[in-house]
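A short worksheet on the structure shown next.
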Amino acid sequence: MRALLPILLAAGLLTACDHGALNNPYPEHQRGQNIMYSFFNERPKHLDPVQSYFENEIRFTAQIYMPPLQYHYLKRPYQLIPFAAAAMPRVTYYGAGGEIVPAHASPSEVAYTRYEISIRPGIRYQPHPAFAIDARGQYLYTGLPERQLKRYRSLADFERSDTRELVAADYVYQIKRLAHPGLHSPIFGLMKGYIIGLDVYAGELEQLSATAASGTYLDLDRFEISGVRVVDRYRYTIDVRGKYPQFLYWLAMPFFAPVQHEAERFYRQPGMPVNISLDWYPVGTGPYMLSVNDPNRVMVLERNPNFGGEPYPFEGEAGDATAGLLNDAGEEMPFIDKVVYSLEKESIPYWNKFLQGYYDLSDISSDSFDQTVSISSTGEVGLSDELRERGIVLHTSVSSTTIYLGFNMLDPVIGGLGERARKLRQAVSIAVDMEELISIFRNGRGIPAQSPLPPGIFGHRDGEAGINPYVYDWVGGQAKRKPVEVARRLLKEAGYQNGIDERTGKPLTLYLDTTLVGPEAKSRADWFTKQLRKIDVQLVVRATDLNRFQEKLRNGTAQLYVLGWNADYPDPENFMFLLHGPQSRAKGSGENASNYASREFDGLFEQMRNMDNGPERQDIIDRMVAVVQRDAPWAFGFHPADYNLAHGWVHNIKPNTMANNELKYQRVDAAQRTRLRDEWNAPVFWPLLLLAVLALGAMAPAVIAWRRRERGIARQKYLAQRAEPKP
Amino acid sequence: MPFKPVVLWTDALLFLLLASAIAFWWHARARPHLRRPWTKLAGSSRGMASLVFIGFFLVVGLLDSVHFRERIAGEGSSQQFAAQTRSLLDAIVGPLGSRTEKTYSAPLATHLFAKETVELADGARVRTYPRLRYGGAHLSDPASEWQADVLRTAIAGLGVAAILWNVLALAVTALVARRSQRSFTRSWHAIWHGLEAVPWRAILCSAGVLILLLAPLAVLSTKYHVLGTDKVGQDVFYLTLKSIRTGLLIATLSTLVMLPLATALGIMAGYFRGWVDDIIQYVYTTLNSIPGVLLIAAAVLMLQVYMGTHPEVFDTIEQRQDLRLLFLCLILGVTSWTGLCRLLRGETLKLREQEYVQAARAFGVSHVSIISRHILPNVMHIILIAVVMDFSGLVLAEAVLSYVGVGVDPTMTSFGNMINAARLEMAREPMVWWSLASAFVFMLMMVLSANLFADAVRDAFDPRVNGNGREHA
Amino acid sequence: MTAYLFRRILYVIPILLGVNLITFALFFFVNSPDDMARLALGGKRVTEESIERWKRDKGYDKPHFYNDAAAGTDRFTDTIFFTRSASMFALDFGVADDGRDIAQEIRTRMWPSLAIAVPTFVVGLAFYITFALILAFFRATYVDVSGVIVCVAAMSISSLFYIIGGQYLISKLWHLAPISGFGEGVSALKFLALPVAIGIVSSAGANARWYRTIFIEEINKDYVRTARAKGLSELRVLFRHVLHNAMIPILTGVVVIIPSLFLGSLIMESFFSIPGLGSYTIEAINNQDYGIVRAMVFLGSILYIVGLILTDVAYTLVDPRVRLD
């Protein structure tokens, strides 16, 4: 322990010279600046807008890139508004002969839909070396000899930078990039079916790239996509097969953000170090730009000096004004100068740093929930006194996510649309107590699902009309899970009285396939086993790694499994397609992992998918939900709730599960933060002193022993001398 | 039969190991040159005191290694057995394993640790700490009775401990008296003044400590969750007991795997030299130079692939856990054999130059009999010391590997998994400290006693250390 | 000596080949290129076609060891194993599955690893030796006995407990150091204090005890008795003779681990979010990035062998009786 002391003291002395707290993980010069502190726990793999799809990637790209549309920050249900576009796209429907058909025409009459998008003039890109031009008007850093390029280690080494105006052609260029054979865009497969001419274009590119060396610049402008056209400098059109109203939602994602061929030419010149690429150094027109990209430690977003500004929204949902969310209405965004994202892998340090004031925002880990949140007698969720004293504010929202326990419909025991298996599935649905799961593993953060549709998505029904009549009863104004006896009865009807298969006389054993990782894995497995034991069914948890798990789903050899789905866009089609027969995972490698295939459901789905929202659509959705509830291909699981905590110095926070570009709306009060941080993090020195005293105390007996021995030796010497005869 | 025995691979190997240990002891009993170090070991008070603790862990581990499935239905040939495998330990501790609460509760608590919304009889909803289903359920008003009841129960536990210990002490004395043909009181005196060759005093003291610790725990656990409950409401004391088997198996079976490999190759390399030596050296240098964690990670992933493709081999979750555990032991053995192998090679190189070996060779004695007659017995102490020294390291390694995610099956109860889960619990406030603390205490007890015992074994067997093990200044 | 070194270095080649073969076999037994593609492309909306495209792009569409379709030597060279292994020997580690340059990554991540490992090693060594020397000095007294017991107890505690406890006390309760993270330059010091201290303390028990044994062994040698008989004071004997001579086994014992300090500590780095090579390795295992795993194994093997050679050299340097030939 004594080694600890000098090191700590030395470190203490070194850092105590500047007046900050000892445990401040940030450089002292950032003190009091208009910076937001956030974290990332996994380094983003792709920041190229054509590839980034995961939450941890989009949270960066959404601040940097400017797709034509965005979601309104405050309004619910979610509403699309123009972002880079000057107005909402003009939608025109065409019949098979190229004639214009009216908007209310039935989907079958529409051959294709044309979206015409006009962007605002005067939007400029962030400063970037790719735009730098020399005296002769040539690009300064494009076409450099390889030898010269070796000098550059990071983007910052390119000294000069410049900008240019955003034009419609950049958007078209990005759509072409979706088909780039080397970029593996996750939505290419989907878009190929919708955007007219994209598949032909991809084929042409494929041929072109087969002759070129990999990794080199591929001239995408060699060919054109027949359905995507630049009209003029600020206007372009996209032709989409049939009627596909959900296409607008895709236009709010970074997949449809602008990318310039200058940047691609710059990054893909031969000899450019592999770490300098569009995947790592995005070039956008959005409010922020990525200034530091060290995914091993820290990523920094800085205000884009060329961003023209955007007014904070004037209106929102009811209650937003009283919540102070409209205080900044009309002010020019963004408010924060810089955002520092630090790598944080473990939950303990992360949560502690939040409590110490070193992170501005936090989502609550299930295990710290009880400390932070108390639920009042009316069921209202509020913060615990401890945190309220610190000025921490809680924000809640049910996310557009469904997590479900799926049954593989191809399984001989649990699958199939027969009566016996259906009853078995219903019994299991009742037995697996999702309320308890939410309460234990998510500390109450979530609501049990009654259908595939989470709240906030069109078609979701609240209250008695929305309950799953096979699992719940409506008792006293609340959904109440049916008692276990009902499940046992269903089981008996299915021919498994007391869990014994009456045909074979063997106990019924079910298998839950899962990837059990992380500290909670064991608890979860135990919990599921416990649930089915309530109805005397033996559950065996088969844990495998992710690859094997997915392989099982693909081969259709799983039995029970747990999966979740995050909405791509707020439309019921995005959830219902998870049960659409032709989307079967085992048969068509789609997203229907249960391989559920009901003719009734599929027919309704085809009707519903391209309809506009309205009573007619609601009616079809209700019928679809009823079919699914009866067939029970899923035990519906739950919709997790997002609970975000923010310190009192952060303003304009409203959870928005669709929009990811929330950063520009937020504001921090740096002075208040500095004051509170100092107050909360006063170092405690007495344990060190105590340690020093203890160490000295431990030395004392040693010293005594040593002196005693010295004396002993001296005496021996003395005796020896005396004994020696004098010569 | 009301149950059907289930023999897991690791159970079989553990009992095999036990049987061979007993056989070896039987074999050594009659041979004075083999007996000498053992007698010395038996005379070491530190060694014997730690052996008492090891004995406790061993008994728990062995009890937990007798598995069976209970009958749930049917008679005669049509009888059906539960899918869940239970062990003798489960049967002994009885309800401890099945009395699960909803979620966390503190040690000896009567209420859950977290507040919950509870619906009262009149329909009103209150956010409060609900009563536990089992822990302290016998109290009608915990607020006033709890303290007295816990105290009373704990004292009862101490009483039980005192009785148990006295019985033990008397039995030991009686035994000593019978053996030495002395009177009871004189034996008692001899024991307590350390006059016996076997340090009974130390043994009784350490047994006393052990009983004093366990008896109150056991008595309290009949009414309370004496070490609290975990996230899904399982009794932490029960989980801790179950973890012992995992640690024990990892530590023993890994060495079992490693021993034949290391012994054979090490002796061969040293004895034959030349190209045999070259090849063996090449193999272990190559294996050694791969970072151990990577090798283990790759091997464990490989096993998962196998399990994923052959689900029919694994009827129950226990079998799956068991195979993974066995495989982990195997791979730990493979990564750790190189050290011992090198030691043995060096020792054999020296031994083969000894005159008696040279003489045997000159007489044309076969290699096999030279190795088994002359070399092996003379390196036995190195092997034994290596085995006991590795024991504690392997128990600790399990925890770290489980943390990295390549340890035992995540559904298996083990110290590593307990610590891993506790990482999240530490972030709670008020902190959930009891899982971590229990794992800490029991693991410390296990490893510490193993370390102390290993020291005693080394002192007894290492020819370089003389006297009572304390080096002379 | 030169001839010896040359021979040793030649010997490295078959070892590295073996290592490469083992990692390759283990990795591709576990992961098929399809799995890797799925992991790299993410879970949502992945089609067979995009998997094929990814494999072709990354060169994983070839056979593992033997290419039937090719002709001549191409049968062996136009395979995943050959294309992926040959470049290794030129220390060209290639590109990770996420498109980052592995060599570049190793070069940058090496420094944080060293920043933790070197102070832990140096300060730790000094601390253990001092402590062991004190114990040896007081040998056979209760200072020694209790010291050894403390050592044994300390080494019986899992390193995880030291880390969890240290973070909790020092950072959370007492606000004395940042709980995790890493900084550049001088600011790194405050991040280093805690992991270094924990690193030292957590292996103090085992090391101090081992060094004590070495000292005691040395003390029992004849020359020490002679020195003492000459009337030299105990302290003088200890520092002049015992410490001096015991440094030979101590130094030659630790030399082997010096090169591996580069690889960093897996556990420390992931608990403290230190962007070193240890956490790099763990991430690569979890992400099944073959390129990184293979590079790290390769590097680890080289460093291990360098350590072995250094040990041999150290022997000749400290003990003139040993000669390498």
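Chain letters run A, B, ... following the sequence lines, proteins first and then strands; every chain starts at 1. Computation of the quantities below employed the complete heavy-atom set of this structure, encompassing side-chain atoms and omitting hydrogens, waters and symmetry-equivalent molecules.
The contact between C/L308 and chain B is made entirely by side chain atoms (from C-beta outward), counting heavy-atom distances below 4.5 Å. Using a 4.5 Å cut-off between heavy atoms, B/Q281 touches chain C through backbone and side chain atoms alike. Only the side chain of C/Y168 comes within less than 4.5 Å of a heavy atom of chain B; its backbone N, CA, C and O stay farther away. Contacts of C/L160 with chain B are made by side-chain atoms alone, with heavy-atom separations under 4.5 Å and no backbone atom involved. Contacts between B/S392 and chain C at a heavy-atom distance below 4.5 Å are absent for every atom of the residue. Contact annotation for C/R209: only side-chain heavy atoms (C-beta onward) come within less than 4.5 Å of a heavy atom of chain B. Of the two parts of C/I15, the backbone and the side chain both hold a non-hydrogen atom closer than 4.5 Å to a non-hydrogen atom of chain B.
Counting only distance, with no hydrogens or angles, the side chain of B/Y282 and the backbone of C/Y11 share no donor-acceptor pair below 3.5 Å.
Across all their heavy atoms, B/L396 and C/S156 have their closest contact at CD2-O, 3.9 Å. Pairing each heavy atom of B/N288 with each of C/Y304, the nearest pair is ND2-OH, 2.8 Å.
Heavy-atom pairs under 4.5 Å with chain B were tallied for C/L16, C/I22, C/I305, C/I302; the largest tally goes to C/I22.
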Next item on the list: Could you walk me through whether B/L444 and C/F161 pass side-chain contact (heavy atoms from CB on, under 4.5 Å), step by step?
Entry: CA-CA 11 Å; B/L444 180 65; C/F161 287 115; over 6 Å; no
Next item on the list: Go through B/I419 and C/I164 one step at a time and tell me if the side-chain contact (heavy atoms from CB on, under 4.5 Å) criterion holds.
Entry: CA-CA 10 Å; B/I419 298 171; C/I164 294 173; 4.1 Å; yes
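Within a 6.0 Å sphere centred on CZ of C/F262, other residues, nucleotides and ligands contribute 12 heavy atoms or fewer.
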